[in-house]
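Below: one structure, written as structure tokens.
In this text, all values refer to a predicted model and were calculated from it rather than measured experimentally. All heavy atoms count here, side chains included; hydrogens, waters and symmetry mates do not.
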Amino acid sequence: MRRTSRFRALVEAPEILEMPGVQDALTARIAAEAGFEAVTCGGYASTAALIGEPDTSQLSMRELADHYARICDAVDVPVFADADTGFGNVTNTRRAVRAYEQAGVAGLFIEDQVFPKRCGHMAGKAVVPVEDMVAKLQAALDARRDPDLVIMARTDALAVDGIEAAIDRACLYRELGADMVFVEAPRTVEQMRRICAAVQAPLLANNIEGGLTPMLTAAALQEIGYAVVTHPVALTYAVARAARELFATLRRDGITTAFADRMLDFDGFNQLVGLPDLRAREQAYLDQAARGIASRPHPDQETGE
């Protein structure tokens, strides 16, 4: 089954889909090893990993598409991607969808913030006129070559115009054909329930540590009515803290011994990234080549001399 088809089935299944956020190919492999059926990689984590900066539309479409291509190449599980605001107008949005699809993502989302956008839980957001978002969403839907590529529409209108406006936009985006809908940053469980009751679409919930939305378990979110839950920044926060502690230890002690119980060692890391399999594959090709050469007729045999 194509990864797009598998991802669509997971989104539409009765059980909520829980997706961890990854930030690169290595952490995607670790998430897949842990047994998750799909992963996501948002602009927040990507910006932190690639340039060490805040999530404020600093990465270009091409940078993100290349980043997603490496992640998709590293794992077999579906990858859900962040297409920001479409990176411009309808023409830019169309090109972004084509580039992301070529990269191998199973789904993506675009949002109705004004460019340059801000992380959905930051202050000072603004949204584009609804007509602009409708046009970009239609362009995104028309651009996909694989009909199973999941396209989600995100609205940030709640923080700008209130929950009624956000619900109205969410319903409109679904009517247009969005496969999933995400109303960003509800502040209470009651708001989350209102959204799920009003928007007849697979809905996504975001668990952000220290964010504006209440953190709930996957089971609780399923009971409210959500189809998908992501944890988009947990890994980034964990990596940042672990790196701080590691470097503090190294700076203090001049050696990593006191941190060793929180690290993989040389052999453990090689196992994680698949070095034994790689070496076995290399040897199999060499053995195949040797057998093929050995089975060729000798020139003396061909001439009968």
- Query: What residue pairs, at least two apart or across chains, pass ring pair (Phe, Tyr, Trp, His ring centres under 6.0 Å) with a residue in residues 64-97?
  - Reply: Phe7-Phe80, Tyr68-Tyr100, Phe80-Phe109
- Message: Same cluster or not: Leu149 versus Met152, using hydrophobic residues (I, L, V, M, F, W, Y) connected whenever any side-chain heavy atoms lie under 4.5 Å apart?
- Response: no
- Query: Is the shortest heavy-atom distance from the side chain of Asp112 to the side chain of Val130 under 4.5 Å?
  - Reply: no
- Message: In this structure, would Val11 and Val229 fall into the same cluster of hydrophobic residues linked by side-chain contacts under 4.5 Å?
- Response: no
- Task: Mind checking the OG1-CE spacing from Thr249 to Met263? Nearest 0.5 Å is all I need.
- Result: 10.0 Å
- Message: Nearest 0.5 angstrom please: Leu172 CG to Thr155 OG1, how far?
- Response: 10.0 Å
- Looking at side-chain heavy atoms only, is the closest gap between Met192 and Leu221 below 4.5 Å? yes
- For residues Cys72 and Val105, determine if any side-chain heavy atom of one lies less than 4.5 Å from a side-chain heavy atom of the other. yes
- If you look only at pairs with a residue in residues 260-289, which of them pass as a side-chain hydrogen bond (donor to acceptor under 3.5 Å, both in side chains), with sequence neighbours excluded? Glu245-Arg262, Arg279-Glu282, Gln283-Asp287
- Item | Arg8 side-chain N/O to Pro147 backbone N/O, donor-acceptor pair under 3.5 Å | yes
- Within the distance-only criterion (no hydrogens, no angle test), does the side chain of Arg3 pair as donor or acceptor with the backbone N or O of Val79 below 3.5 angstrom? no
- Applying the 4.5 Å side-chain criterion to the ILVMFWY set and letting contacts propagate, would Met19 and Val150 be lumped into a single cluster? yes
- Report yes if some heavy atom in the side chain of Val273 is under 4.5 Å from a heavy atom in the side chain of Leu26; otherwise report no. yes
- Message: Just so I know, are the side chains of Pro186 and Leu158 near enough to count as touching, which here means a heavy-atom distance under 4.5 Å?
- Response: yes
- Item | Pairing residues for Asn207 by the side chain to side chain donor-acceptor pair (under 3.5 Å) criterion, not counting sequence neighbours | none
- Output, in order, the C-alpha distance, side-chain angles, deciding distance and verdict of salt bridge (Lys or Arg N to Asp or Glu O under 4.0 Å) for Arg144 and Asp179. CA-CA 13 Å; Arg144 61 183 171 189; Asp179 301 301; 2.8 Å; yes
- Enter the distance from Leu246:CG to Arg241:CZ here, rounded to the nearest 0.5 Å. 13.5 Å
- Query: Taking the side chain as C-beta and beyond, is there a heavy-atom pair between Val22 and Val75 under 4.5 Å?
  - Reply: no
- Query: Side-chain heavy atoms under 4.5 angstrom apart, residues restricted to Ile, Leu, Val, Met, Phe, Trp, Tyr: same cluster for Val134 and Ile110?
  - Reply: yes
- Mind checking the OG1-CG spacing from Thr188 to Leu212? Nearest 0.5 Å is all I need. 11.5 Å
- Query: What is the distance from atom CD of Glu63 to atom CG of Leu50, rounded to the nearest 0.5 Å?
  - Reply: 7.0 Å
- Polar side-chain atom of Gln191 near backbone of Arg187 as donor-acceptor pair, under 3.5 Å: yes
- Message: Once side-chain hydrogen bond (donor to acceptor under 3.5 Å, both in side chains) is applied, what residue pairs with a partner in residues 214-240 remain, sequence neighbours excluded?
- Response: Glu18-His231, Gln23-Thr236, Tyr44-Tyr237, Arg193-Glu223, Asn206-Thr230
- Is Glu101 reaching over with its side chain to a backbone N or O of Arg145, donor-acceptor style, under 3.5 angstrom? yes
- Query: Is the shortest heavy-atom distance from the side chain of Val127 to the side chain of Glu111 under 4.5 Å?
  - Reply: no
- After noting the C-alpha distance and the side-chain angles of Ile208 and Thr213, does the key distance pass the side chain to side chain contact (heavy atoms under 4.5 Å, CB included) rule? CA-CA 7 Å; Ile208 303 284; Thr213 302; over 6 Å; no
- Item | side-chain hydrogen bond (donor to acceptor under 3.5 Å, both in side chains) contacts in which one or both residues fall within residues 70-96, not counting sequence neighbours | Ser57-Asp84
- Working to the nearest 0.5 Å, report the span between OG1 of Thr27 and CZ of Arg29. 11.5 Å
- Item | Close side-chain approach of Arg174 and Pro202, heavy atoms under 4.5 Å | yes
- Task: Determine which pairs satisfy ring pair (Phe, Tyr, Trp, His ring centres under 6.0 Å) with at least one residue from residues 240-271, sequence neighbours left out, and list them in order.
- Result: none
